[in-house]
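Below is one structure, written out as structure tokens; the observations come after it.
Counting convention: from 1, in listed order, for ligands and their atoms alike. All residue numbers refer to positions in the sequence shown, counting from 1.
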Amino acid sequence: MEIGSTVEHADQNVCDPASQRGESMPPDSGKTSPLQKEKIPLQQSSLATIHDDTAQRSQPPVGGRPFHPDASLVLIGIRASGKRSLGLIAATALGRRFVTEDHFFQSINGLSRQDYLKANGNGRFHAQDIETSIQMLEDNRYKCVIECGLVSLTSSFQDYLRQYCEKSPVVFVLRDMEQIKILLNLDGRTTRMLEHGNMTHRNCSNFEFFNLEDQSINGSPDSDAADRTSPKYSFKLRNAQADFSSFVRFITGTHSARPTFDSPFSLDIPVELRAYTHALFLPMSKFVTGNIDFDSLESAGDLLEIYVDDWGSSTSEHLSKMVAVARRALRVPILLSANRRASEQSASDKYFAIMLQGLRLGVEYVSMDLDLENSVIQRLKAAKGYTKLIGNYVNGIPGEGGWKASRWMRLYNKAVALKLDLVRLLNNPISRHDNEAWSWFVEELKGVPGPQLVSITYNTGLQGRTSQIINPTLTSVTHPGVPTVEILDGSAPLLSARDITKSLFDCFVFDSLEFLIVGANVSESLSPAMHNAAYDWLGLRHHYNTRNINSWDDIEELARNDRLGGLSIVQPYKVRVVPKLKSLSGHAKAIGAVNTLIPLRANSSGVVPSLQVQAQERNRAGPIMGWFGENTDFIGIMNCVSGSLSPRNAIQPKTTALVIGAGGMARAAVYAMFQLGCRNLFVYNRTVENTRGIVRHFNHWAMSQSNGDASSYTPSPEPVMVLESLTDAWPSAFLLPPIIVSCVTHELLDGNPGASFEMPESWLQSPTGGVVVEMAYMTRETPLVKQMKRFREATRRPWVIIDGIETLIEQATAQFESMTGRKAPKRCMADAVHAALEENTPYLVDKEELLT
Ligand SMILES: O=C1C[C@@](O)(C(=O)O)C[C@@H](O)[C@@H]1O
């Protein structure tokens, strides 16, 4: 059997976009790696003999980070840790082949592992298992995600992995032992043995991922269970999918290349470059004692600082779990810091170990004391990969040299000389007058010649509150839901992000603004409920209302109000207003439709500053000179589809998608499909002329993306195609679509099919089911949703139905973030929508859909 056929096929549709593009060979000419030449001694090992000295082996390897961008990603961990499911998720997120040990073993040895064991006995099986696993890693050095099996518990394979870590990411997947015990029905002794063995993985891996239970899971929590045909399957791994996809994108460096957002108003801009950002400070000891309710901390900071305040033998495990829990609950970047003074002996070593654990977990930022020994700083720099290093210094003794002392500039220069990514300088002041000295220092920093290092500076404690409010970058904050902590140097935060935001209004840094949703008939929109709830949650003194308009002139009239904060745009204006806008995000330009307008204001000299400056100046009033247009509808659709596509429907070059409609929302849907990697798109709309318009638009755009090279799209050189009639058979050259997005509005608008639309059953025959997104949200159950439910019941095919409320919430959070520059409290906004729906029965009757 050929090696190429060893890719694990969970089913016919397993993700293998890379191999389909013919990219499975290593990017360089070297088909043999140096490791292949060194013959690694193979020892015979069995599970019973592996719990010996391996635990005491060296510290976790670091490897030469960042690795080659295509270096294969290897997953290790014990049975039931979830490697198989995570591997599929990673292969999908990175567009790589997925190789599994079982499959590879059989392809090389002609027998399954069980049969080989039966035929050859324990000793030969183990030796063969190790040799085959090494071959698996060597043969697939690039562009793969590789799942290792139990062999990773043997000491000789661990020796091999340690060397492999020099060149490639090896991720240790761990999971709550209690869960594994239940899943594998283990007794206490075996659990302890397995746990001990499992922990040896830490020393032969350079990354670590805690595979958290998915609370949405019902029934068996085994994520490896063979239940992929269940209609509920895709929901089971929703959270794990989001967490692990962003983890692997981060550690492979693909996060920065992701073309998801391209606007200076997006929160994808690194947090340290945005204005008035806050770092929520959480000591790890409070997590360990179970004192943190993460749900209450939604949007309580733009970044989460995990502060390791107490070190013990379980610190690494606690940190792994805390990072996983915090990521899932808060979805903000994580900064790791530690109290170096908490340990007396060999503080640097322990401190280094904690920092290294943070780097293994792929946290986005690590704060490192600037007075550390140089050798430790250099080791951390070498291990940092894509994590940003913050040089940190806290003057904890009040009065010991205020901001005018030369120490501060020396520290700043040290951070510059060390080529760190940021610097954080905090001073414990004697009086509030030290805030004036702080302002002086901030001005001094601005005068430093050459490129400036992003600096976080302020005075700590009660006397430093003024500087904590005014400091624009990552002031540390607390929250009423976080138990108070004492820190010897006085740097424990006292204010919450909400306190600071309100104070920014009190001292006229922020202005109270009015936001509006405008369109032909917006009076029943649910957007006001969501946006107003979010303002309240964050302490923003803005208001969001509805306004029916008749033309662009009405928008110009509204723009005379300096306090207008931004507009949500509804049909029929989403496409119409585009030519009137001064500037558009790349996405909005590609889509040719907007749903969000952000004012471009003149400054006091009448000049309209750059978009970057406009983004820094959000939440402030001023004369409106034009508009920036954004489209967040596509983000809503994209997030909903990607969160509900099961791995068996993972997007590959041959995947098809169908969009119904031809208005602004349909354009956003087509673009969302492109962004997800879909290259065969069909559009149906009752008025064929309108369908042709949108199809022409996107084929033209697609061609511009491939520099006029039609061969990048196969089988049709034009990736977007018209479906003329509901009675047409599905085009035979293409697979039936596993993704359908219906953007049906009232038939008077855009001549689309009207609210009674149902799909021809012949188009619904995707053997693996898929996702149907119904964008209409004014009707509780549209005819299409009813039809899909019936169809799913009758065929038992796994179709996931997403209603318009889900996409409404997703587009609204992205819109809120673009308009205000603040992290949207999604749960709060979702609660507000559901409360509004319950209160307001008119939403629940069948009615015309005018909003999409
Ligand atoms: O289409 C919609 C729905 C919406 O119009 C509403 O009804 O609230 C809000 C818009 O931002 C979005 O593009």
Side chain, backbone, both or neither: which part of [X] has a heavy atom under 4.0 Å from ligand 1?
| X | result |
| --- | --- |
| Ile517 | side chain |
| Leu808 | side chain |
| Lys574 | side chain |

Quick check: Ser525 and ligand 1, any N/O pair under 3.5 Å apart?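 Such a contact does occur with ligand 1.
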
Pick from Phe734, Phe682, Trp730: which one makes a ring pair (Phe, Tyr, Trp, His ring centres under 6.0 Å) with Trp763?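 Considering Phe734, Phe682, Trp730, a ring pair (Phe, Tyr, Trp, His ring centres under 6.0 Å) with Trp763 is found only for Trp730.
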
Test His531 against every option in Trp537, Phe515, Tyr544 by the ring pair (Phe, Tyr, Trp, His ring centres under 6.0 Å) rule and name the one that passes. Tyr544

Per salt bridge (charged side-chain N to carboxylate O under 4.0 Å, His left out), Asp243 is matched among Arg327, Arg328, Arg249 by Arg328

Please could you name the atoms of ligand 1 that [X] approaches to less than 4.0 Å, counting only its heavy atoms?
| X | answer |
| --- | --- |
| Gln815 | 11 (O) |
| Asn595 | 11 (O), 12 (C), 13 (O) |
| Asp633 | 12 (C), 13 (O) |
| Met665 | 1 (O) |

Taking the side chain as C-beta and beyond, is there a heavy-atom pair between Thr277 and Glu272 under 4.5 Å? no

Distance-only side-chain donor-acceptor flag, Thr782 / Glu774, under 3.5 Å: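 Indeed, the side chains of Thr782 and Glu774 share at least one donor-acceptor pair under 3.5 Å.
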
With a 3.5 Å cut-off and no angle check, do the side chains of His542 and Asn532 form a donor-acceptor pair?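 No pair is found: no donor N or O on one side chain lies under 3.5 Å from an acceptor on the other.
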
